[in-house]
2 protein chains.
Amino acid sequence: MNQRDLTLLTDFYELTMMQGYYEKGQNETVIFDVFYRQNPCNGGYAICAGLEQVIEYVKGLNFTYEDVDYLRSLGIFDEEFLHYLSGFHFSGDIYAIPEGSVIFPKEPLLKVVAPIMEAQLVETAILNIINHQSLIATKASRVVFAAAGDGIMEFGLRRAQGPDAGLYGARAAVIGGCVGTSNVLAGKLFDVPVLGTHAHSWIMSFSDEYTAFKAYADLYPDNCTLLVDTYDTLKSGVPNAIRVFQEMRDAGVKLTRYGIRLDSGDLAYLSKKARKMLDEAGFEDATIAASNDLDEYLLHDLKIQGAAITSWGVGTNLITSKDCPSFGGVYKLAAIKTEDGEFVPKIKLSENTEKITNPGNKTIYRIYDKATGKIRADLICFVGEAFNPDEDLVIFDPLETWKKTKLKGGSYTMRELMVPVFRNGECIYQSPSVKEIAAYCTQEKATLWDETKRLFYPHRVYVDLSDKLYAVKKELLNQLGRE
Amino acid sequence: MNQRDLTLLTDFYELTMMQGYYEKGQNETVIFDVFYRQNPCNGGYAICAGLEQVIEYVKGLNFTYEDVDYLRSLGIFDEEFLHYLSGFHFSGDIYAIPEGSVIFPKEPLLKVVAPIMEAQLVETAILNIINHQSLIATKASRVVFAAAGDGIMEFGLRRAQGPDAGLYGARAAVIGGCVGTSNVLAGKLFDVPVLGTHAHSWIMSFSDEYTAFKAYADLYPDNCTLLVDTYDTLKSGVPNAIRVFQEMRDAGVKLTRYGIRLDSGDLAYLSKKARKMLDEAGFEDATIAASNDLDEYLLHDLKIQGAAITSWGVGTNLITSKDCPSFGGVYKLAAIKTEDGEFVPKIKLSENTEKITNPGNKTIYRIYDKATGKIRADLICFVGEAFNPDEDLVIFDPLETWKKTKLKGGSYTMRELMVPVFRNGECIYQSPSVKEIAAYCTQEKATLWDETKRLFYPHRVYVDLSDKLYAVKKELLNQLGRE
């Protein structure tokens, strides 16, 4: 995390609870699941991201003298516990679904198996990191889907919620499918393409628009996108851009990457007019890029209206996920290990049935249609449950149990989604590069039906429970109901 | 900024433009204004925040060898320019409205006066920092207003958009009026109160709720807030809490800070029932705290419904400013210094009249009603304009100029809002502590009429232009219209 000490990036109650467990001598191994309940923006899926930063965070856990001094100053922690903290390190296991994967509500996307004091401490930062990056990766994926093959550039740094939101948001946006970012620091740290040309202030700092364009074209003839809306797009900006392109051509410059950018006004109307003007001047290969408060909905609409735009800069609405600025991932106790080494499943009740957690030490299998490679369903089960894809499999909705689907043996394949990340406190997972994760994410999205990817009222993918898990859950609910 | 190198936290086009200016030998001093156009959440005002982090950022500007190597690897910057960058430091002036101030749309809240290459580089990070913290401080102020005197605790770290959003969001929330945060790192770095007790997992890790409560009360008898909704709030949680409070009282423990926290269900109904149960058991001074997807609107409604809650934990909706997750601050060129040392005002046109910028080297005066101390209006004018509060002053709306107000001489006072922060690259401003800023913000809010603070359809405070500024703006518009 850029060498910062994030050990204290936790909720205060994690520490008061830790001291509580410490005093009670109660530090049994537990399982916490990270999962979320609803896809952002009413979508049909999400993209998980942030694991690399979670790994860095866990590896970097270390209460410095200053941290301990600060905690001591609060007057609520005793010396023995503070001494314990000063020697703290994470000794547990972590399993997770790799970054860039398609995920669905209610399935554990990260699982912490650790002594309860340790598992409790890491809750807040893990959620913070996973919630943020999964949110932005998912949003980016939606915007990229709406662009139907056009490139999306992430341009939101100035409106992001602080430096990290810009930095890790850019990372997540590229994972979700953006072709690059304006964020130079993200380019450096994550080896992703950085993009951008010039601002209105460039134009305004010259005596006139033509001179400003000309100066820019002289400097960057190989990559010359001119911002045409400073004064008047169609009367001044586009004609001046054409004049400069013509002069470049006349001077024998080979125009390769060049074009205009629209940043205000009606993008459908202006782009069509500008396209006509460029074409008539013989610049059919000039690109038209656009920015200005875009999101997947507006982009989708502009496409329908035939906007002549093939490159899109998306800022605020992507980097903040404006219509849904939080992911809602939670961290829930699923099991406690007894002295004889067994995990006892735990359940959290709620007045809302769909908020009741899934108990036990779980894993997830993804079921694919053999013929198409598309996802049929996900199956949450206990670790160690075995399935034979040559046999028929009946899956059912865990809330509306009469909704059953029979998968014929031989027609489907199964793949376990979680991979081990930490074992006994040691990281045993090597994060891929961001480019590799982005490529993997593209493959992952190809396993979704278009009906699940669409922006409005998507088809929901089933996430079902194994018979065994369902039976244990029902039994626990009955027990609690009796009490 | 926690010792991070944020020099590359900028949009790529700032660097391509910088190189452009470098190559053209064009580095005249310019003025850029930071301002915003609309109050978040349709409110009547905003609170500015983030200046301390802007100062740290500007002080820390330094292209390391690695930064320069990275930029070189992009193949677009030449060696001379890279050499210039490796010796870069900020040499300009910055003026700003102090953190915690009440601000209104269109007035410059920060002003950079610097050679254009430097002024351009710092645009992105300044906007990022100011936009984020001003957004959250403003949102916090709204939530605090809705709570009508009850304490608001900032609990959003796990849903914040990355570590910084949690950290600096907590800082901004305290500036905006929150009594504390759950974020321990924010507590350490900004010396603000940290708060919190225990989670559902604490309850679930014990054999039963009563035992969990009892254990917690034994540990923290001085500050004992019990979370009562893990199983069933009214049938189990509240009775078990009362049992534990009774046992504490019987054992001679002096109950000072104690009570319950509700985290689900209908908070109005449950709090009233719980209040009755606590009162009947003789615990009239037990507090009832609540959390669960709160924002200023729900809080306002719960107050109207007579919810018996006096302490509120607000998470996601505050830390992300959910219904309005970006502030929209922009950075616009206002003037360019000529060789003879004069600032030539610059204006940015737009098809939307209200998006046209205010030209020139400006400052802002706040006009107070002498009798009440409340804000009458803000007046944007050129630096050096003088006003005599003993004389009548006619102010007018810059868009709807027939809307005039006459302030009688002697009935008002005036105060200049901006303070110098950097002069010739040197920081000459000492940031107050966060607690001091928060106290100042409380004073600032007291200068607003309640009509401006209300959540819905607030009264707008006038932000007017001086006659001189208005005349120059009109002249520039006429000029551009003629071209």
Side-chain angles (χ1 to χ4, degrees), chain A residues 1-2 4 6 8-13 15-17 20 23-24 70 116 120 124 127-128 131-132 157-166 168 182 184-185 188 194-202 204-205 215-216 219-220 231 264-265 316 320 322 325-326 333 336 346 348-351 480, chain B residues 2 4 6 8-13 15-17 20 23-24 70 116 120 124 127-128 131-132 157-166 168-169 182 184-185 188 194-202 204-205 215-216 219-220 231 264-265 316 320 322 325-326 333 336 346 348-351 480:
Chain A
M1 223 79 180
N2 213 349
R4 282 186 304 164
L6 297 180
L8 291 189
L9 193 81
T10 190
D11 286 314
F12 188 60
Y13 76 4
L15 291 168
T16 51
M17 284 192 283
E23 306 270 319
K24 297 268 154 199
Y70 167 68
I116 193 163
Q120 204 68 72
T124 315
L127 287 178
N128 173 283
N131 274 332
H132 172 232
L157 175 54
R158 64 190 55 196
R159 302 286 174 82
Q161 297 193 349
D164 281 345
Y168 300 106
S182 66
V184 184
L185 188 56
K188 181 190 168 197
V194 289
L195 301 162
T197 56
H198 64 83
H200 296 115
S201 57
W202 173 267
M204 291 163 71
S205 75
Y216 195 81
L219 281 159
Y220 302 109
Y231 300 112
S264 61
T316 312
T320 63
K322 187 160 189 176
S326 72
L333 183 67
I336 301 182
K346 287 278 171 174
K348 159 91 177 62
L349 283 186
S350 171
E351 300 201 8
L480 285 167
Chain B
N2 215 347
R4 282 186 304 163
L6 297 180
L8 291 189
L9 193 82
T10 190
D11 286 313
F12 188 60
Y13 78 3
L15 292 168
T16 51
M17 285 191 283
E23 306 270 320
K24 298 269 154 199
Y70 167 68
I116 193 164
Q120 204 69 72
T124 316
L127 287 178
N128 173 283
N131 274 333
H132 173 231
L157 175 55
R158 63 190 56 196
R159 302 286 173 85
Q161 297 193 348
D164 281 345
Y168 299 107
S182 65
V184 184
L185 188 56
K188 179 189 168 198
V194 289
L195 302 161
T197 56
H198 64 83
H200 295 114
S201 57
W202 173 267
M204 290 163 71
S205 74
Y216 195 82
L219 280 159
Y220 302 110
Y231 301 112
S264 61
T316 312
T320 63
K322 187 162 191 175
S326 73
L333 183 68
I336 300 182
K346 288 275 169 177
K348 159 90 176 65
L349 284 186
S350 171
E351 301 201 8
L480 285 168

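In what follows, chains are A, B, ... by sequence order, proteins preceding strands, each numbered from 1. Since the model is a prediction, treat every value here as computed from it, not as a measurement.
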Inter-residue atom distance B:M17.CE - A:S205.OG, 0.5 Å rounding: 9.0 Å
Spacing of A:T10 atom OG1 and B:R158 atom CZ [to the nearest 0.5 Å]: 8.0 Å
Pair B:R4-A:L185, side chain to side chain contact (heavy atoms under 4.5 Å, CB included): steps then yes or no: CA-CA 11 Å; B:R4 282 186 304 163; A:L185 188 56; over 6 Å; no
Which bit of [X] is near chain B, if near means a heavy-atom gap under 4.5 Å: side chain, backbone, both or neither?
X	answer
A:N131	side chain
A:L219	side chain
A:F12	both
A:K322	both
A:I336	side chain

Find the one option among [options] whose heavy-atom pairs under 4.5 Å with chain A are most numerous.
options	answer
B:A165, B:G196, B:A215, B:P325	B:P325
B:T316, B:L8, B:T124	B:L8
B:G166, B:A160, B:A199	B:A199
B:I116, B:D11, B:L127, B:L333	B:D11

Side chain from CB out, backbone as N, CA, C, O: work out which of these in [X] comes under 4.5 Å of a heavy atom of chain A, or both, or neither.
X	answer
B:H200	side chain
B:T197	backbone
B:K348	both
B:L157	both

Heavy-atom closest contact (B:Y220 atom, A:L15 atom, distance): OH-O, 4.5 Å
Heavy-atom pair with the smallest gap, counting every atom of A:N128 and B:P163: OD1-N, 3.1 Å
Which of A:K188, A:Q120, A:E23 touches chain B most, by non-hydrogen pairs under 4.5 Å: A:K188
Heavy-atom donor-acceptor pair, A:Q161 side chain to B:T320 backbone, under 3.5 Å: yes
